[in-house]
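Here the structure comes first, spelled out in structure tokens, and everything after it is commentary.
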Amino acid sequence: MPYTPILATLGYVLSPDRRRALMIHRNAREDDQHLGKYNGLGGKLEAGEDVAAGLCREIREEAGLECLDLSLRGTLSWPGFGQQGEDWFGFLFLITRFSGTPLERNPEGTLEWVDVARLETLPLWE
């Protein structure tokens with residue numbers, strides 16, 4: 001059977017001093033499988049979209065920011081991660097320069113600047 005995962009992006013926006021990361025606290029929808037977790041920003045790629053364009057679109061939609069400097073830092077495979085057990089494959093980015101002011105929240109939850117040193121203490125996906 002061919003491997004046909006959902007392709008997605010996940011980006012970590014760093015503050016200009018690189019001491020904080022912009023995280024989404026998934027606290028807006030009771031039916032969210034990610035409820036209570038913190039994560040970077042991103043989502044599914046659209047048909048015909050390259051991964052960098054998909055990440056920039058997701059950051060714009062979720063945080064109101066324009067990515068000015070980003071780098072691909074790796075990939076992750078999430079077997080069975082979807083609501084119906086779908087496999088996901090993600091492209092991880094670090095965003096070190098952006099324009100705009102982040103939104104306070106979006107339909108998924110609250111956006112928070114979190115000290116990088118404190119990230120490991122948050123409820124995150126393994």
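For the ring-ring contact (aromatic ring centres under 6.0 Å, His included) with Phe91, the lone residue among Trp88, Phe93, Phe89 that qualifies is Phe89.
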Quiz item: What's the verdict on side chain to side chain contact (heavy atoms under 4.5 Å, CB included) for Lys37 and His25, showing C-alpha distance, side-chain angles and the deciding distance?
Solution: CA-CA 6 Å; Lys37 302 261 190 212; His25 184 198; over 6 Å; no

Exercise. Test side chain to side chain contact (heavy atoms under 4.5 Å, CB included) on Leu94 and Leu14 and set out the steps.
Key: CA-CA 7 Å; Leu94 188 62; Leu14 292 182; 3.7 Å; yes

Quiz item: Which is it for Thr4 and Glu86 under the side chain to side chain contact (heavy atoms under 4.5 Å, CB included) test, yes or no, and what are the steps along the way?
Solution: CA-CA 9 Å; Thr4 55; Glu86 306 92 341; over 6 Å; no

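From Leu7, atom CG reaches atom CG of Leu45 across 5.5 Å, with rounding to the nearest 0.5 Å. Atom CG in Leu22 sits 9.5 Å away from atom CD1 in Ile95 (nearest 0.5 Å). Of the inter-residue distances, the one linking Tyr12 atom OH with Asn39 atom CG reads 4.5 Å to the nearest 0.5 angstrom. Between atom CD of residue Glu61 and atom CG of residue Leu41 there is a gap of 11.5 Å, rounded to the nearest 0.5 Å. Going from atom CZ of Arg60 over to atom CG of Leu65 covers 10.5 Å, rounded to the nearest 0.5 Å. Atom CG of Asp69 sits about 3.5 Å away from atom OG1 of Thr96, to the nearest 0.5 Å.
Applying the 6.0 Å contact sphere to CZ of Arg29 captures more than 12 heavy atoms from other residues, nucleotides or ligands. Summarising the local packing, CZ of Arg73 is surrounded by 12 or fewer heavy atoms from other residues, nucleotides or ligands at distances under 6.0 Å. Counting non-hydrogen atoms of neighbouring residues, nucleotides and ligands closer than 6.0 angstrom, the CD atom of Glu120 reaches no more than 12 such neighbours.
Looking at Lys44 and Glu58, no side-chain N of the basic residue comes within less than 4.0 Å of a carboxylate O on the acidic one, giving no salt bridge.
With a 4.5 Å cut-off on side-chain heavy atoms, Trp113 and Val13 count as touching. Using a 4.5 Å heavy-atom threshold, the side chains of Leu72 and Leu92 count as separate. Between Arg26 and Ile24, some side-chain heavy-atom pair lies under the 4.5 Å cut-off.
Between the side chains of Tyr3 and Ser77, a donor-acceptor pair is found at a separation under 3.5 Å.
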